[in-house]
Enquirer: 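Please read through the structure below; I'll follow up with questions.
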Amino acid sequence: MAVSVEELLPRPSVMGVVNVTPDSFSDGGRQLDSGDAVARVQEMAREGAAIVDLGGESTRPGSDGVSAHEELRRLLPVLEGVAGSGVLLSIDTSKAEVARRALELGAVMVNDVTALRADADLAGVVAETGVCLCLMHMLGEPRTMQEDPRYDDVVSEVAAFLEERLAFAVRAGVPEERICLDPGIGFGKTTQHNLELIAGLGTIASLGRPVLVGCSRKRFLARITGDAESLVGSVAAGVAVAVLAYERGASIFRVHDVREHVEALAAAHAFEAAA
Ligand code: HH2
């Protein structure tokens with residue numbers, strides 16, 4: 001496989017999220033059964049997802065990591081169940097061993113929330129296999145990242161980080177056209193930081209690579225809608241923010257509610273084409 005991110009996922013593309021974890025913030029536990037997870041992947045494809053991101057380790061605020069063995073135990077039955085069906089899969093992992101196995105089973109993208117900082121072997125696996133790669137910004141680590149995150153200027157600091165990680169990945173042998181960049185909404189950011197990043201997405205898009213955003217169901221959406229407690233944001237608020245992100249240059253939308261985002265982004269796309 002040797003295609004660019006733009007060819008694989010033209011703007012706008014929806015990336016469905018299927019977590020096979022007992023503790024994901026947004027869909028915790030509901031998809032632990034691998035048969036259900038395979039069915040959900042297929043359903044997302046029917047609803048218009050261009051690709052489905054499969055995760056076996058939660059990265060929600062406060063979460064601890066799991067071993068590669070446990071991640072693979074969760075993921076393998078789902079990867080095997082989807083293989084050969086024609087649905088494009090991305091693998092949400094920071095571990096080379098997990099990525100290698102998922103890519104052998106047909107995944108076409110590695111989504112690394114650590115932007116190649118966690119496992120020194122991951123860049124080599126991506127470079128060798130010729131798949132696409134998402135590099136995401138995160139301040140700190142999931143266990144502690146929401147404890148008082150601070151920036152002088154969140155947009156320029158996140159953009160500078162992504163520019164540096166892009167250069168690192170290219171030096172490690174991953175062609176630039178196979179890389180997309182993600183500001184990491186909710187990863188070491190307050191509600192205000194998240195909003196400033198969405199408003200400033202043009203700065204990140206100007207780095208020249210497609211921008212992926214994941215706002216779906218995140219808790220800052222609950223804060224915006226006046227819910228001070230909920231860990232899960234509303235679908236309507238997520239769709240609104242996705243459309244605003246599209247307008248500011250985002251290309252790929254990582255979401256749990258595929259149909260709603262596909263329809264809203266089709267409307268936004270038609271509007272942009274006519275304007
Ligand atoms: N968000 C989450 C996980 N992976 N990857 C990228 N590239 N961008 C994101 O914004 C992103 C991500 C967290 O959301 P979710 O998968 O629903 O929860 P959990 O990590 O608890 O499984």
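This chain uses plain numbering: 1 for the first residue, then up along the sequence. Atoms within a ligand are numbered from 1 in the order they appear, just like the ligands themselves.
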Enquirer: Taking E97's backbone N and O only, do any of them form a donor-acceptor pair with R101's side chain (distance below 3.5 Å, no angle check)?
Expert: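 The answer is no, because no donor-acceptor pair under 3.5 Å joins these two groups.
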
Enquirer: According to the interplanar angle, ranging from 0 to 90°, do the rings of F253 and Y246 count as parallel (below 30°), tilted (30 to 60°) or perpendicular (above 60°)?
Expert: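 Answer is tilted, since the angle falls between 30° and 60°.
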
Enquirer: I want to check a possible cation-pi pair here: R165 against F168, using under 6.0 Å from ring centre and within 45° of the ring axis as the test.
Expert: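 Judged by the rule (NZ or CZ under 6.0 Å from the ring centre, within 45° of its axis), R165 counts as positioned above F168.
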
Enquirer: Against heavy atoms of V113, which atoms of ligand 1 measure under 4.0 Å?
Expert: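 Close to V113: 4 (N), 5 (N), 12 (C).
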
Enquirer: If you measure from each non-hydrogen atom of D92 to ligand 1, which part falls under 4.0 Å: side chain, backbone, both or neither?
Expert: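 Contact part for D92 vs ligand 1: side chain (C-beta onward).
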
Enquirer: Just jot down the ligand 1 atoms closer than 4.0 angstrom to any heavy atom of G214, in number order.
Expert: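 Taking each heavy atom of G214 in turn, ligand 1 has 10 (O) under 4.0 Å.
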
Enquirer: May I ask you to check whether T21 has an N/O atom sitting below 3.5 Å from an N/O atom of ligand 1?
Expert: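 N/O-N/O distance below 3.5 Å does not exist for this pair.
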
Enquirer: Please could you name the atoms of ligand 1 that C134 approaches to less than 4.0 Å, counting only its heavy atoms?
Expert: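 That gives atoms 7 (N) of ligand 1.
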
Enquirer: Between E7 and S4, do the side chains contain a donor N or O and an acceptor N or O under 3.5 Å apart?
Expert: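 A pair is found: one side chain offers a donor N or O, the other an acceptor, under 3.5 Å apart.
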
Enquirer: Using a plain distance cutoff, I'd like to know if T59 has any nitrogen or oxygen under 3.5 Å from a nitrogen or oxygen of ligand 1.
Expert: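 Min N/O separation from ligand 1 is below 3.5 Å for T59.
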
Enquirer: Parallel under 30°, tilted from 30 to 60°, perpendicular over 60°: which one fits the rings of Y151 and H193?
Expert: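 Correct class here is perpendicular.
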
Enquirer: Using a 4.0 Å cut-off to any heavy atom of N19, which atoms of ligand 1 qualify?
Expert: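 Ligand 1 atoms under the 4.0 Å threshold to N19: 15 (P), 16 (O), 17 (O), 18 (O), 22 (O).
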
Enquirer: Got an N/O contact under 3.5 Å between R254 and ligand 1?
Expert: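 Between R254 and ligand 1, an N or O pair is found under 3.5 Å apart.
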
